[in-house]
Chemist: 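Can you keep this structure in mind? I'll have questions shortly.
Chain naming here is simple, since letters A, B, ... match the order of the sequence lines and numbering starts at 1 in each.
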Amino acid sequence: MNYLETLNPQQLEAVKHTEGPSMVIAGAGSGKTRVLTYRIAYLIERGVDPFNILALTFTNKAAKEMKGRIAEIIGQSEAKNISMGTFHSVFARILRHHSDKLGYPSNFTIYDTQDSRSLLKTIIKELKLDDKTYKPNLVHGRISSAKNNLISAAAYEANTDIVAEDRMSGKPRLFEIYKAYEKRCFKAGAMDFDDLLYKTNVLMRDHADVLHFYQHKFRYILVDEYQDTNYSQYLIVKKLADVFHNICVVGDDAQSIYSFRGANIENILNFKTDYSDCVTFKLEQNYRSTKTIVNAANSIISKNKDQIEKTVWTSNDDGNKIKVIRTLTDNEEGKVVANMIYETKMNEQVNHSDFAILYRTNAQSRSFEEALRKLNLPYKIYGGLSFYQRKEIKDLLAYFRLTANPQDEEALKRVINYPKRGIGKTSIEKVIVAANLYEVSLWEVLAEPNKYPANIPSGTLNKMNAFVTAIKSYRVELEKVDAYELAQTIAKSSGILKELYDDKSPEGVSRYENIQALLAGIKEFSETASEGETAFLSDFMVDVALLTDADDEKEEDLDKITLMTIHASKGLEFPYVNIVGLEENLFPSQMALSSRTELEEERRLFYVALTRAETKATLSYATSRYKWGNLITSEPSRFIEEIDAEFLEVANPSRGGGRSLNQVNLEKKVGVPGKKLFSDKERKLKRVTPSDKQPKTGAQASLLDLKVGYNVKHEKFGKGKVIGLEGTPPSKATVFFPKVGNKQLLLKFARLEVLS
DNA sequence: CTTGCAATGACTGAT
DNA sequence: TCATTGCAAG
């Protein structure tokens, strides 16, 4: 029991209060995970059967880590019986178990966001709607939030408020899209991410026996990051806890950052109303960060209106002030941050893994990647395009999906003509039309062309038949050979392997390697099967849609700088944190400026970012940045001003006055900012006026025979000497002006006067 | 049906 | 900038 001695009094109370509802309000860095872990260990030590515990975490990684720690205390064999994971993965498993009750096959496919959007796209097209009015992303968001509020397509249509709202926004036929989408997913034996929660609710609503079973199985329920649960998740938990009331939710309203996914901050604010006998514990001591960071974060979050009252404090050292860095462009920001990491690492002898670069949007990673690569600093990126979302991986997985569940429409459309077998768009459209007509899946139309004629020329029909035969032959193997063997058979005989092998471009080689990596992963999976059992490909496919990069961390990634979005950084901590791109319209995001609640969420996001830091936080912004290829100017984020000035140290590497040696060095490495900015300007101008007009005649004509060494005069920079020229006739000149130094000028704009 | 090129529009965030 | 889409030609 000595692990309990490491807890502070509040933590200990939260751990020991095992019976009845409780809520733990855990400030950032207050040892929340520890409480959860020890609480579970404590339960088990007190005789609770691990089978009776349900622990819901925010990421699979968090679940895995927690399970590992619990295993250290109570032993592996006990720990593995706890039901622990994300809402999605835990309930996907339960849904597979009872899928027949919902009319789904047990190996139903899980559609990821891409699949959902692609299906919506085809539906919008089929309904002959304009995809500019009905943007797939927007439509998806609308459907998603309906599902997260447990509104079925039928209920959606019947809800006059919603329909009126859609009509007002010029999308009166949204309900039709939702209806078609719902139907198509069902026909394809597919659930999207939201369905995993929605259908769980349906299952428990319509099948009292199932509900009863899980209510009694999960006698003790723990929910992490409760502030980020949505209504659908909330209701699942509420139903399951309805018999024993042994529910413990842990969260921090100040860290609620997922409202776009339907998360409802009310869930945590209203917990007390739902359970009147609820006991609340507040963890307010921060063990992670310096006083400066904790207090700066507090000064930020106090600007928000709605919050549960609490005071996060720490007994750690004051630490350094938070540095604020201004740069001129996003590229310079990358260089400055990379340089700073390099120097800190050298001066303080720390690891690469002690650093994180956190940004608001995935698109910002580029400039940091480039700068880090130049300095030979190893880094890893989370999010963005994950391994499982890469095209080649999705292609091969689509074959696997189709093998496990041939009704899977998105998988079928993806690979029926990849590699090319002469089954084109028009043929596929005919199949879809027929499938809609006969109300069957695409696969059925393909597999039984006589029963469901689709008016397809016999040549194409033969090709389709060959495809069907191939898939069927894989299906025969499905429960005969192990996952790896079948995966290899499919990779080879489908022609994917050859297609990629033949592509000798660097990208092609890397795609081939990715496929090999996937196969290696499946091999590993096959080998985990216990004695006398076989791991089948369908078993592998079960959670593959729910996996993310963070879930399988590689050994060689251990000592690298982390680059990720702030959203992805939730729950993590790093000694040195760089929060970058602190600019208006970027962070806070432009989309969040319209309402108070959205702005408050951005502020919470900033709070999350800042509280990831243990010893040192650095903020940076650029005064101009590229967006879609052209330069836009930007203002520093309001969040910088919102931090009490006493915690900040404004370092300004591009203007003189009180700068340190380090900063001067930095500036040298970075290059002359002025020059940089100017060439950026040129690029912008080039874009704005694409038509290259001839320079004017008359006084300007002599510019055509400008030579290196000529003396010229500029209206602003004064006299100067040409030291370089580009183009014939010359269009661009580098001129040395004694007053301002070297300048690159576009002749058609600079209006130079030639003196000699 | 496929190929190649020009035009277009996208950037919040993620299970 | 980059990836996807539409269109014309083979």
Chemist: Rounded to whole angstroms, how far apart are CZ on A:Arg117 and C1' on B:dT15?
Modeler: 13 Å
Chemist: Taking atom types as modelled, is there a side-chain donor on A:Asn201 or A:Ser232 under 3.5 Å from an acceptor on the other?
Modeler: yes
Chemist: Whole-Å distance between B:dG13 C1' and A:Asp228 CG?
Modeler: 11 Å
Chemist: Among side-chain atoms of A:Thr229 and A:Asn267, is any donor-acceptor pair under 3.5 angstrom?
Modeler: yes
Chemist: With the side chain of A:Lys121 defined as its heavy atoms from C-beta on, choose the nearest nucleotide among C:dT4, B:dT12, B:dA14.
Modeler: C:dT4
Chemist: Which whole-number value in Å describes the distance from A:Lys425 NZ to C:dT4 P?
Modeler: 15 Å
Chemist: From the list B:dA14, B:dT12, B:dT2, which nucleotide is the closest neighbour of the side chain of A:Arg360?
Modeler: B:dT12
Chemist: Tell me which nucleotide among B:dC11, B:dG13, B:dG9 gets nearest to the side chain of A:Lys132.
Modeler: B:dG9
Chemist: Checking side-chain polar atoms at under 3.5 Å, does A:Thr109 have a donor or acceptor matched by the opposite partner on A:Asn405?
Modeler: yes
Chemist: A:Ala545 or A:Thr460: which one's nearest nucleotide on DNA chain B is closer to the 5' end?
Modeler: A:Thr460
Chemist: Distance check needed: B:dT15 C1' versus A:Phe193 CZ, whole Å only.
Modeler: 5 Å
Chemist: Can you classify the ring geometry of A:Phe587 versus A:Phe639 as parallel (below 30°), tilted (30 to 60°) or perpendicular (above 60°)?
Modeler: perpendicular
Chemist: Assess the side chains of A:Ser116 and A:Tyr181: does a donor N or O sit below 3.5 Å from an acceptor N or O?
Modeler: yes
Chemist: What nucleic acid atoms does A:Lys627 come within less than 4.0 Å of, heavy atoms only: base, sugar-phosphate, or nothing?
Modeler: nothing
Chemist: Whole angstroms only, please: what is the CD1-P distance between A:Ile381 and B:dA14?
Modeler: 13 Å
Chemist: Could you tell me whether the phosphate oxygens of B:dC11, OP1 or OP2, come under 4.0 Å of any side-chain nitrogen or oxygen in A:Asn362?
Modeler: no
Chemist: In whole angstroms, how far is the C1' atom of B:dA14 from the NE2 atom of A:His88?
Modeler: 9 Å
Chemist: Nearest to the side chain of A:Phe260, which nucleotide is it out of B:dT2, B:dC11, B:dG13?
Modeler: B:dG13
Chemist: Within the pair A:Ser589 and B:dC11, is there a side-chain N or O less than 4.0 Å away from OP1 or OP2?
Modeler: no
Chemist: Picking from B:dA14, B:dT2, B:dG13, which would you name as closest to the side chain of A:Tyr258?
Modeler: B:dA14
Chemist: Would you mind telling me which of B:dT2, B:dG13, B:dC1 lies closest to the side-chain atoms of A:Ser427?
Modeler: B:dC1
Chemist: Please compare A:Lys125 and A:Arg366 by the position of their nearest nucleotide in DNA chain C and report the one closer to 5'.
Modeler: A:Arg366
Chemist: A:Asn137 has a side chain; which of B:dA14, B:dC11, B:dT12 sits nearest to it?
Modeler: B:dC11
Chemist: Considering every strand and a 4.0 Å limit on heavy-atom distances, what is the contact class for A:Asn417: base, sugar-phosphate, or nothing?
Modeler: sugar-phosphate
Chemist: What's the CG-C1' distance between A:Asn630 and B:dC11, to the nearest Å?
Modeler: 14 Å
Chemist: Does a side-chain N-to-carboxylate-O contact under 4.0 Å join A:Arg366 and A:Glu370?
Modeler: yes
Chemist: Which part of the nucleic acid, if any, lies within contact of A:Lys135, taking any heavy atom under 4.0 Å across all strands shown: a base, the sugar-phosphate backbone alone, or nothing?
Modeler: sugar-phosphate
Chemist: May I ask you to say what A:Ser89 touches in the nucleic acid, namely base, sugar-phosphate or nothing, with a heavy-atom cut-off under 4.0 Å?
Modeler: nothing
Chemist: Specify the residue among A:Thr86 and A:Gly424 whose closest nucleotide of DNA chain B lies further upstream toward the 5′ end.
Modeler: A:Gly424
Chemist: Applying the 5.5 Å / 30° rule, does A:Trp628 stack onto the base of B:dG9?
Modeler: no
Chemist: If I take atom CG in residue A:Asp330 and atom P in nucleotide C:dT1, what distance separates them, rounded to the nearest angstrom?
Modeler: 13 Å
